[in-house]
Structure formats: C-alpha cells, structure tokens
Amino acid sequence: ALPAIQADDHHLPGEQKSVAVNGNHEKETFLRYPAWVGLIASYVSAGVIVTVFPVSGEEDLLFSKPEIGFLLFLRSLATTIWFIVLGAFSFWHYRVSQMLGAQLLMGVLMLIIAISGNPWALGFLLAGHGILLATAYSNSQFHGVVGSRNRSGRSAIHEAMLGTGLMIG
C-alpha cells in the first residue's frame with residue numbers, strides 16, 4: 001500500500017501546487033507527507049507517555065495512582081478541547097510552519113517532561129502534549145484526505161501511521 005501513496009495524484013485546488021516536470025505542468029501535493037511523519041513522531045511520544053509515565057511516575061517520582069491518572073486525564077482533556085478548537089477554525093490549514101513548529105515544540109516538550117518531577121509542571125506539560133497530539137492528528141487527517149477521491153484509503157493510511165507510532169512508543 002505504501003508505494004501507492006506517491007502515485008496518488010487526487011487533490012483539490014487548495015492543496016495543489018503546480019510543478020513543471022519535463023516541460024509539462026503537473027499538480028502535486030506535499031503537506032500530507034510531513035503531516036504523516038509528524039503523526040508517527042507524535043504518537044511515538046504518546047505511546048511512551050501512556051506506557052512509561054505511569055510506571056516511572058509511581059516508582060521514580062513517587063506519585064500515587066490517582067495522581068498519575070489525573071495527570072493523564074489533563075492530557076486527554078487538553079486533547080479534546082484542542083480538537084474542538086481545530087474543528088471550529090481553519091487557521092491551520094495548509095500551513096507548513098504550524099506543522100513544523102508543533103513538531104519542534106513536541107520534541108522540546110518531551111525533553112522537559114523527561115526531567116520534570118513536579119506534579120504541577122507535569123500537569124501543564126502533559127496538557128501541552130495533548131494539544132500537540134491533537135494538532136498532529138488533525139494535520140494528518142486533514143492534509144491526508146483533502147482533495148483525495150480515495151478518502152477512505154487515505155484515512156486508512158492515517159490510522160496505520162498512528163498505530164505504527166503507538167507501537168514504536
């Protein structure tokens with residue numbers, strides 16, 4: 001299925017970029033690829049957080065199970081709220097800068113989470129992770145299917161990338 005991704009040329013005018021190839025103008029889309037890479041990277045971090053953080057939080061940080069659950073709840077709550085925001089607005093559509101910025105911020109955030117031991121700071125950081133996770137998911141889903149006549153196939157690729165990231169994490 002993955003070699004077929006590059007051959008897919010179904011897109012809408014808002015996603016198209018005219019490129020001269022051998023003197024002919026062809027339509028090309030590119031935002032789905034960085035969005036899919038960002039989705040995998042983000043869900044690797046999500047996999048790490050949901051598997052490693054509960055154990056590390058209990059054994060290394062001496063958090064109680066309810067505290068760990070509440071911190072993970074904050075992440076999920078922030079994710080849900082940000083999904084609502086992203087669904088209501090289109091400021092993020094077709095913007096490479098927000099995709100790259102979110103991924104860079106995710107990397108920095110994960111490093112800070114790794115060294116933070118304060119529950120208040122972790123709550124804030126995990127909420128930020130939830131926001132960035134929703135951003136990566138939405139970018140992948142939107143840019144992956146926009147303009148495609150095979151939206152179900154693109155959605156399947158999106159879910160495969162998500163699952164791959166979780167499995168790695």
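As the structure is a prediction and not an experimental result, all values here were calculated from the model.
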Student: Considering non-hydrogen atoms only, spot the tightest contact between T51 and G169 and give its length.
Tutor: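 The pair with the smallest heavy-atom distance is OG1-O, 3.8 Å.
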Student: Using the side-chain hydrogen bond (donor to acceptor under 3.5 Å, both in side chains) criterion, which residues pair with S138? Sequence neighbours excluded.
Tutor: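 S138: no side-chain hydrogen bond (donor to acceptor under 3.5 Å, both in side chains) contacts found.
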Student: What distance do I68 atom CD1 and K65 atom NZ have between them, rounded to the nearest 0.5 Å?
Tutor: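 If we round to the nearest 0.5 Å, I68:CD1 and K65:NZ are 8.5 Å apart.
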Student: Who passes side-chain hydrogen bond (donor to acceptor under 3.5 Å, both in side chains) against E58, sequence neighbours left out?
Tutor: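 side-chain hydrogen bond (donor to acceptor under 3.5 Å, both in side chains) check on E58 returns nothing, list empty.
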Student: Hey, does R75 have a side-chain heavy atom less than 4.5 Å from the side chain of L133?
Tutor: yes
Student: How far apart are the C-alpha atoms of I49 and M110, what are their side-chain angles, what is the distance that settles it, and do they pass the side-chain contact (heavy atoms from CB on, under 4.5 Å) test?
Tutor: CA-CA 9 Å; I49 285 180; M110 289 302 291; 3.8 Å; yes
Student: Can you tell me how far OG of S45 sits from CD1 of I168, rounded to the nearest 0.5 angstrom?
Tutor: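 I168 atom CD1 to S45 atom OG measures 11.5 Å (nearest 0.5 Å).
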Student: I need the full list of ring-ring contact (aromatic ring centres under 6.0 Å, His included) pairs touching residues 148-169, with sequence neighbours left out, sorted by first then second residue.
Tutor: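 Only Y137-H158 qualify under ring-ring contact (aromatic ring centres under 6.0 Å, His included).
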Student: Grab the two heavy atoms, one from S116 and one from A121, that are nearest each other, plus how far apart they are.
Tutor: OG-CB, 3.6 Å
Student: Does L166 share a hydrophobic cluster with W36, counting links as ILVMFWY side-chain heavy atoms below 4.5 Å and allowing steps through other members?
Tutor: yes
Student: Report yes if some heavy atom in the side chain of F30 is under 4.5 Å from a heavy atom in the side chain of V96; otherwise report no.
Tutor: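 In contact.
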Student: Please determine whether residues I81 and L74 belong to a single hydrophobic cluster, defined as Ile, Leu, Val, Met, Phe, Trp and Tyr linked transitively by side-chain heavy-atom distances below 4.5 Å.
Tutor: yes
Student: What residues form a side-chain hydrogen bond (donor to acceptor under 3.5 Å, both in side chains) with S64, not counting sequence neighbours?
Tutor: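 Scan of S64 (side-chain hydrogen bond (donor to acceptor under 3.5 Å, both in side chains), adjacent residues dropped) gives E67.
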Student: Check side chain to side chain contact (heavy atoms under 4.5 Å, CB included) between L109 and all other residues, then give those that pass, not counting sequence neighbours.
Tutor: I113, L125, H129, L132
Student: Hey, does M167 have a side-chain heavy atom less than 4.5 Å from the side chain of Y43?
Tutor: no
Student: Side-chain heavy atoms under 4.5 angstrom apart, residues restricted to Ile, Leu, Val, Met, Phe, Trp, Tyr: same cluster for L105 and L122?
Tutor: yes
Student: Of all residues at least two apart in sequence or in a different chain, which pass the side chain to side chain contact (heavy atoms under 4.5 Å, CB included) check with F73?
Tutor: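 Side chain to side chain contact (heavy atoms under 4.5 Å, CB included) list for F73, sorted by chain: F70, L77.
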Student: Compare every heavy atom of P34 with every heavy atom of L31, then report the nearest pair and how far apart it is.
Tutor: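 Looking at all heavy atoms of both residues, the shortest contact is O-CD, 3.4 Å.
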Student: Please tell me whether M99 and V146 are part of a single hydrophobic cluster in this structure, the criterion being side-chain heavy atoms less than 4.5 Å apart.
Tutor: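 Yes; tracing contacts between hydrophobic side chains, which count when under 4.5 Å, links both residues.
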Student: Quick check for you: to the nearest 0.5 Å, what is the distance between S97 atom OG and L104 atom CG?
Tutor: 11.0 Å
Student: Taking all non-hydrogen atoms of both residues, which atom of L39 and which atom of S140 are closest, and how far apart?
Tutor: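 Nearest heavy atoms, L39 then S140: CD2-OG, 3.3 Å.
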Student: A134: which residues meet the side chain to side chain contact (heavy atoms under 4.5 Å, CB included) condition with it, sequence neighbours left out?
Tutor: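 Residues passing side chain to side chain contact (heavy atoms under 4.5 Å, CB included) with A134: T79, W82, F83.
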Student: With a 4.5 Å cut-off on side-chain heavy-atom distances among I, L, V, M, F, W and Y, is there a chain of contacts connecting L100 to V108?
Tutor: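 No, it is not one cluster - the side chains of L100 and V108 are not joined through contacts under 4.5 Å.
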Student: What's the separation between atom CZ in F124 and atom CG in N118, rounded to the nearest 0.5 Å?
Tutor: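 The CZ atom of F124 sits 12.0 Å away from the CG atom of N118.
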Student: Could you tell me whether the side chain of F91 reaches within less than 4.5 Å of the side chain of L86, counting heavy atoms only?
Tutor: yes
Student: Sequence neighbours left out, what passes ring-ring contact (aromatic ring centres under 6.0 Å, His included) with W92? Give chain and number order.
Tutor: F142
Student: For Q103, enumerate each residue passing the side-chain hydrogen bond (donor to acceptor under 3.5 Å, both in side chains) test, keeping only those at least two apart in sequence or located in another chain.
Tutor: S42
Student: Who are the side chain to side chain contact (heavy atoms under 4.5 Å, CB included) partners of S155, not counting sequence neighbours?
Tutor: Q141, V145
Student: Apply ring-ring contact (aromatic ring centres under 6.0 Å, His included) to F53 and list each qualifying residue two or more places apart in sequence or on a separate chain.
Tutor: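 With neighbours one apart ignored, the set is empty.
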Student: Looking at every heavy atom in both H143 and Q98, which two are closest together, and how far apart are they?
Tutor: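 Heavy-atom minimum between the residues: CE1-NE2, 4.5 Å.
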